[in-house]
Amino acid sequence: YYSQAGLWFIGDLDANQSVSLKITTQAVKEGNITNVASATSDEIDFNVSDDEDNDTVNVRSYVDLKVTKTVNVGTAKVSDRIVWTIVVKNNGFSNATGVKVTDNLPSGLIYLTHSVTKGQFDGSVWNVENLSVNETAILQITTKVINHGYITNTVNVISDINDTNN
């Protein structure tokens, strides 16, 4: 098999004999992809209607959204300001649409301010909108500590396209 040309030279084939070739590929775009195979020979073919066949595969969108959250301090006192940094990246092969990150602040914190590199944040939901392949967006939330104890701040990301690594 010559992969550059897509040609497979079989050689002689006896009557009623068959051979097969398995080719593994990786899709590089979305949508319907049709692969056509055809056969030719040096001899006269009396039935050319079965010399070609095809099959189609529907390649779906593939997104892999990765979200990370860090905090600027490991220990804080009541009334300290804490900055939470949330980074979301599309590691998939398709553009991600309808990307939303949810960060409901836990008790013990009050919201002060925020900044985003993309989209809009309403205090709990960050509407990133779209993330291209390998694109990263960042949200920083500044909060104030109002209670003692351990504080766990959890984040979640979703999109219109199913995250295949979720």
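What you see below is based on every heavy atom in this structure, not just the backbone, and it leaves out hydrogens, waters and symmetry mates. A quick note: this is a predicted structure, and the numbers were derived from the prediction, not measured.
- The minimum heavy-atom distance linking Gly92 with Val133 is given by the pair O-CG1, 3.2 Å.
- Rounding to the nearest 0.5 Å gives a distance of 8.0 Å between CD of Gln140 and OG1 of Thr70.
- In the hydrophobic clustering of this structure, Val155 does not group with Leu112; members are Ile, Leu, Val, Met, Phe, Trp, Tyr whose side-chain heavy atoms approach within less than 4.5 Å, directly or through other members.
- Residues Thr68 and Ile86 are not in side-chain contact: their nearest non-hydrogen atoms beyond the backbone lie 4.5 Å or more apart.
- Proximity of Leu139 to Val101: side-chain heavy atoms (C-beta onward) are nowhere separated by under 4.5 Å.
- Side-chain contact between Asn153 and Pro106 is present, with heavy atoms from C-beta onward closer than 4.5 Å.
- Pairs engaging residues 76-100 under the ring-ring contact (aromatic ring centres under 6.0 Å, His included) rule: Tyr62-Phe93 [sequence neighbours left out].
- Separation of atoms CG (Asn156) and OG1 (Thr154) is listed at 9.5 Å; rounding is to 0.5 Å.
- Lys118 contributes a side-chain N or O that, together with a main-chain N or O of Asn130, makes up a donor-acceptor pair within less than 3.5 Å.
- Cluster annotation: Ile141 and Ile146 are assigned to distinct hydrophobic clusters (Ile/Leu/Val/Met/Phe/Trp/Tyr, side-chain heavy-atom contacts under 4.5 Å, transitive).
- Counting heavy-atom neighbours within 6.0 Å of Tyr1 OH, excluding the residue itself, gives a total above 12.
- Going from atom OG of Ser132 over to atom CG of Asn90 covers 8.0 Å, rounded to the nearest 0.5 Å.
- Interatomic distance, OG of Ser41 versus CG of Asp51, reported as 7.5 Å (0.5 Å rounding).
- Atoms CG and CG, from Asn134 and Asn91 in turn, are 6.5 Å apart once rounded to the nearest 0.5 Å.
- The side chain to side chain donor-acceptor pair (under 3.5 Å) test applied to Thr117 returns no partner, not counting sequence neighbours.
- With sequence neighbours excluded, the residues forming a salt bridge (Lys or Arg N to Asp or Glu O under 4.0 Å) with Lys69 are Asp103, listed by chain and number.
- For Gln120, the CD atom is loosely surrounded, since the number of other residues' heavy atoms within 6.0 Å does not exceed 12.
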For residues 72-83, dump all side-chain donor-acceptor pairs below 3.5 Å to protein atoms at least two apart in sequence or in another chain.
from: Asn72; atom 1: OD1; to: Val83; atom 2: N; distance (Å): 2.9
from: Asp80; atom 1: OD2; to: Lys77; atom 2: N; distance (Å): 2.8

Could you tabulate the donor-acceptor pairs under 3.5 Å formed by side-chain atoms of residues 7-20, not counting sequence neighbours?
from: Gln17; atom 1: OE1; to: Asp14; atom 2: N; distance (Å): 2.9

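- Checked against salt bridge (Lys or Arg N to Asp or Glu O under 4.0 Å), Glu129 has no partners two or more places apart in sequence or in another chain.
- Val67 and Leu65 end up in the same hydrophobic cluster when Ile, Leu, Val, Met, Phe, Trp and Tyr side chains are linked at under 4.5 Å.
- Asn104 and Thr102 get closest at one heavy-atom pair: ND2-CG2, 3.6 Å.
- Connection of Tyr111 to Val116 is established within a shared hydrophobic cluster, with ILVMFWY side chains joined at heavy-atom distances below 4.5 Å, either directly or through further cluster members.
- The structure places OG of Ser107 at 8.0 Å from CD1 of Ile151, a figure rounded to the nearest 0.5 Å.
- By the 30° and 60° cut-offs, the orientation of the rings of Phe121 relative to His114 is perpendicular.
- Scanning all heavy atoms of the two residues, the minimum distance from Ala27 to Ile33 falls at CB-CD1, 4.3 Å.
- Scanning both residues, Asn127 and Val99, for their nearest heavy atoms gives OD1-O, 3.6 Å.
- Under a hydrophobic-cluster definition in which Ile, Leu, Val, Met, Phe, Trp and Tyr are linked whenever side-chain heavy atoms come within less than 4.5 Å, directly or via other members, Val87 and Ile158 are assigned to different clusters.
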